[in-house]
Amino acid sequence: MDERYNFRESERKWQTYWTDQGAFSTETASDKPKCYVLEMFPYPSGRIHMGHVRNYTLGDVIARFRRAQGFNVLHPMGWDAFGLPAENAAIQNGVHPAKWTRENIRTMKEQFQPLGLSIDWSREVATCEPEYYRHEQKMFLDFLKAGLAYRKTSMVNWDPVEHTVLANEQVIDGKGWRSGEPVERRELAQWFLKITAFADDLLKALETLTEWPDRVRVMQHNWIGRSEGARVWFDIVGREDKLEVFTTRPDTLFGASFCAISMNHPLAKEQAEKDPALRDFIAACNAVGTSEAAIETAEKMGYRTAFSVRHPFDPSWELPVYVANFVLMEYGTGAIFGCPAHDQRDMDFARKYDLPVKAVVAPADADVEAFAKTLEAGNEAFSGDGLAIRSDFMNGLAVTEAKRAAIERLESLSRGRGTVQFRLRDWGVSRQRYWGCPIPVIHCPHCGVVPVPEDQLPVRLPEDVSFDTPGNPLANHPTWKNVTCPVCGKPAQRETDTFDTFFESSWYFARFCDPKNDTEAFNRAAVDYWLPVDQYIGGIEHAVLHLLYSRFFTRALQSCGYLGMAEPFKGLFTQGMVCHETYRTEGGAWLYPAEVDKTGDGAIEIASGKPVTLGRSEKMSKSKKNTVDPGHIIETYGADAARLFMLSDSPPDRDLEWTESGIDGAWRYIQRLWRLAAQPAVPFLEAGALSGVALEGSAKETVAMAHRTIAAVTEDLAKLRFNTAVAKLRELSNQLAATKASDKGAPEAYRFGLETLIRLIAPMTPHIAEEVWQATGHGTPLTATDWPLADPAWLVVETVTLAVQVNGKLRGTIEAAVGADAKELEAQALALPTVQSNLGGRAPKKVIVVPNKIVNIVG
RNA sequence: GCCCGCUUGAUGGAAUUGGUAGACAUAACGGACUUAAAAUCCGUAGCCCGGGAACGGGCGUGCCGGUUCGACUCCGGCAGCGGGCACCA
């Protein structure tokens, strides 16, 4: 064997070998158990980044590990190829989105190649191709038939200069990112998918997703936001109609002092028509963006309308109606009643507009009059539990009972009813953008909305478009949108909106099961076999939207007969971000790590020699220039070192800090692994099998540790604890180096230990593992070698060390046989001199013995 | 504003049903090898106090409090940092 390991040569060699052998192609007919390993597919931005390297390395380890364990593994890759950045590139650089995207896919695929991922590339898909998106057009038509898709108006961010709808991320401080002009909120007719039809099921089924991180389940739980409450109908003074309000606190109705409606509420619109001051007020509110954060943090503002309403329990009691900027048309009924004493937002509003504050709940043990007086004088609302006061028929009831009583009374008076409300809103899928899947409908002046007949699918996205005029290029296209109505044959227009790109990512995992099917989205038998995905891996940023939409989509597809299950992802893992220290010049400009020299005392800018300020570690981003190029890293250290560093130290669900010394350390370990074979402490190459060989001393310990490591690493990999798996493999390496050639059986033990190490590390650093495996005389590659199994006989522990504590403080240890009798252990512990001196001659009051663990003596 | 997560040596982290805190690394220091350096190998190390040393004692997992024979781990409160909030993907 060569003295040094040449990673460039070896990595290329094995990648070529795997490709030539088709080592990672999925078996279509197999009696092995299946395992579907999927990483969230990338957006083809042009270059891979370290976040990709981490994501795909994590998945690759699992895929290789499961394959070695005898599973038929599906590990595919594709491209989430529609989206806004392609259009931005078109506007900025004049490149067509299609060309830009396809070129990016090609370069990124090239960049993935040297990582040595065990991907079945024959299943590659790109969502921007008609072969892919035609199927989702069909799905949409099926959803339409099933009543799962419908049209209604909703709010968007509108840039008055660009004549475009802006994404929330394109709104900066309330202004359009390119135009710099204040953004308006506008209502637009759009397509929606009825995710709320599954709200209860999506919520309940979270409990069944036991292999998901708790925090993702909690986030989805909160997102769906089920709350029980009541709809209350307030009579409007001087009118026949009623104001419908949703509340979770009907028990506080006697504390009401106003009602507030959204500015998009029909009543608000009605008044705005003849009230310029209200129009101005609404315009001011519209200057705030559409995001929840923007609305919640904006100052609470209201406008007193001409309307008043009557209290449901006392028609002589009139309440003023305000238009308020914190009431959302999308939630509940777009109207609330305000009880300032028991809701902080209402309290703030009441103080601002000088409205009454009346306490109607007090803690059970409080002095009611004093409590109410303080509450009504202060600015802090009381939202805690308590008993109803000054509330007529509810007096003395606890909050829960009072709610029930209020609802009963409302129902008997026909002034309201109990109801369940979800925070979850229907999914708006229309986007006024070019680079997306066309929505397959036609607007006919005579027939209304007409679905494109299925035999006319796909509705192809035209490529001859111009980005010179503001607005959606599809709407500006001279001919594309003009068609004849499929029903009446008269001139009609195509829908020019395209789908939200979450549409494509909501079913791609199913397409991978049968990616070349051109007659249907996927074959039923194929998805029945492969789905659900056994292990899905991606960023926590997708915790809610992508994952919730996919869960909904699977249910919707199920109800349209596409597949037979509700949950697409059995196991979910959310990895942390890749971070790096940041650097700035004295002038405050960001610097790339490569532009900074840190070898001296302080950091200096290489080009100028001037000092550099070190900033904290943050997620790698182009804007802060704290990025490291994966291609450069692989070129310098090799894919195995990069992969190993990604897996060492940081638990995969936490943020990983990229450091020079970290990748250096990984590189050194790769070299060390080679030396363990090329320059071994024990000459082992001539050694045969271990069976029947007598083992002593370090040789025996090496074999024992090898078996322990098999057991531990197998468990760690199954639970994605890669960092501890690496630590245990390093321990085994240290033990190999410490094996003494003079101990009986050392050559056989060393060979066994080394081969075990190589087989266990192979999923993480596959290239060097193959190289060492081959060099030690194996003809079959590791990709075709079974996962090692630990011999239980070697895992049996005979003696243990027990901690001995006096009053909870460690005072010594004792050695004892496993399962030793408690009395014996107690005697042994009490015999320790340190124990005696710490007891100071007193007899112990109590002795706690936990067999095999600890003896605690209470003195 | 609401929701979620994180906080352990100089640094990343380990300790996974409450039972010896600091595994494994990184950086550092000392030594070996070398003309020298790199690489490699061996060794030291949570902090404080006492001791020549073996060793002994105290403190210690963001902060305050609680439960327990025993708490990084469970409970209550607080602080700091980070993330998400429906048209970025």
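In the text below, chain A, chain B and the rest are named by the order of the sequence lines, each starting its count at 1.
A:Q190 comes within contact range of at least one nucleobase, with a heavy-atom separation under 4.0 Å. Within the 4.0 angstrom heavy-atom criterion, no nucleotide atom of any strand lies near A:Y669. Within the nucleic acid shown, A:H546 has no heavy atom closer than 4.0 Å to any nucleic acid atom. Residue contacts for A:K619: at a heavy-atom cut-off of 4.0 Å it reaches no nucleic acid atom on any strand shown. Heavy atoms of A:L424 sit under 4.0 angstrom from at least one base atom. Contact annotation for A:V218: backbone-only contact, meaning every heavy-atom pair under 4.0 Å involves sugar-phosphate atoms and none involves a base. Note on A:W223: a base of the nucleic acid sits closer than 4.0 angstrom, heavy atoms only. At the heavy-atom level, A:P651 lies under 4.0 Å from the strands shown only through sugar-phosphate atoms. Across all strands shown, A:Q344 has no heavy atoms under 4.0 Å from either base or sugar-phosphate atoms.
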Heavy-atom protein contacts under 4.0 Å, nucleotides 15-27 of chain B, coded B base, S sugar-phosphate only, - none:
-B--BB--BSSSS
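Residues A:I439 and A:S430 have side chains in contact (heavy-atom distance under 4.5 Å, counting atoms from C-beta outward). Side-chain contact between A:L644 and A:Y669 is present, with heavy atoms from C-beta onward closer than 4.5 Å.
Rounded to a whole Å, the NE2 atom of A:H221 is 17 Å from the C1' atom of B:G84. Rounding to whole angstrom units, CZ of residue A:F552 and C1' of B:A86 are separated by 14 Å.
Shown here is A:K300, whose NZ atom has more than 12 heavy atoms of other residues, nucleotides or ligands within 6.0 Å.
The separation of B:U26 from B:G51, taken at their C1' atoms, amounts to 33 Å, rounded to a whole angstrom. Taking atom C1' in both B:A21 and B:U73, one finds a spacing of 11 Å when rounded to whole Å. Comparing B:G84 with B:G77, their P atoms sit 27 Å apart, to the nearest whole Å. Separating the C1' atom of B:G18 from that of B:G31 is a span of 43 Å, rounded to the nearest Å. On the P atoms, B:A45 is 16 Å away from B:A25, given to the nearest whole Å. Separating the P atom of B:A10 from that of B:C48 is a span of 9 Å, rounded to the nearest Å. Separating the C1' atom of B:G12 from that of B:A28 is a span of 16 Å, rounded to the nearest Å. Rounded to a whole angstrom, the distance from the C1' atom of B:C4 to that of B:U61 is 23 Å.
With hydrogens and angles left out, the side-chain atoms of A:N856 and A:R811 include no donor and acceptor closer than 3.5 Å.
Base orientation of B:G58: anti (glycosidic angle beyond 90° from 0).
Scored by the side chain to side chain contact (heavy atoms under 4.5 Å, CB included) test, A:P85 finds A:Y43, A:W100 as partners (sequence neighbours excluded).
Scanning atom types as modelled, one donor and one acceptor separated by under 3.5 angstrom connect the side chain of A:R433 and the base of B:C87. Counting atom types as modelled, A:Q220 pairs no side-chain N or O with a base atom of B:C3 as donor and acceptor under 3.5 Å.
Between A:R654 and B:G5 there is no side-chain N or O to OP1 or OP2 distance below 4.0 Å. Contact check, A:R217 against B:C3: no side-chain N or O comes under 4.0 Å of OP1 or OP2. Look at A:R675 and you'll find a side-chain N or O under 4.0 angstrom from OP1 or OP2 of B:C41. Regarding contacts with the backbone of B:A86, every side-chain N or O of A:R425 stays at 4.0 angstrom or more from both OP1 and OP2.
Of the candidate nucleotides B:G13, B:C59, B:A86, B:A86 has the atom lying nearest to any side-chain atom of A:R423. Distance from the side chain of A:F502 is smallest to B:A89 among B:C87, B:A89, B:A86. Of the listed nucleotides (B:A86, B:G57, B:C87), B:G57 has the atom at the smallest distance from the side chain of A:R811. Relative to the side chain of A:V858, the nucleotides B:C87, B:C69, B:C4 differ in distance, and B:C69 lies closest.
Taking 4.0 Å as the cut-off between side-chain N and carboxylate O, A:R345 and A:D348 do not count as a salt-bridged pair. Using a 4.0 Å cut-off between charged side-chain N and carboxylate O, A:K624 and A:E581 make no salt bridge.
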Go through the steps to decide whether A:E618 and A:N626 satisfy the test side chain to side chain contact (heavy atoms under 4.5 Å, CB included), and finish with yes or no.
CA-CA 8 Å; A:E618 293 184 63; A:N626 60 339; 4.1 Å; yes
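For A:F573 and A:Y536, the gap between ring centers reaches or exceeds 6.0 Å.
Classification of the A:Y132-A:W507 ring pair by plane angle, with boundaries at 30° and 60°, yields parallel.
Pairing analysis of RNA chain B (Watson-Crick: purine N1 to pyrimidine N3 plus N6-O4 or O6-N4; G-U wobble: N1-O2 and O6-N3; both under 3.5 Å) yields stems of 3 or more pairs at B:1-7 with B:79-85, B:10-12 with B:24-26, B:28-32 with B:40-44, B:46-50 with B:55-59, B:62-66 with B:74-78.
No donor-acceptor pair closer than 3.5 Å links the side chain of A:Q421 to the backbone N or O of A:Y331.
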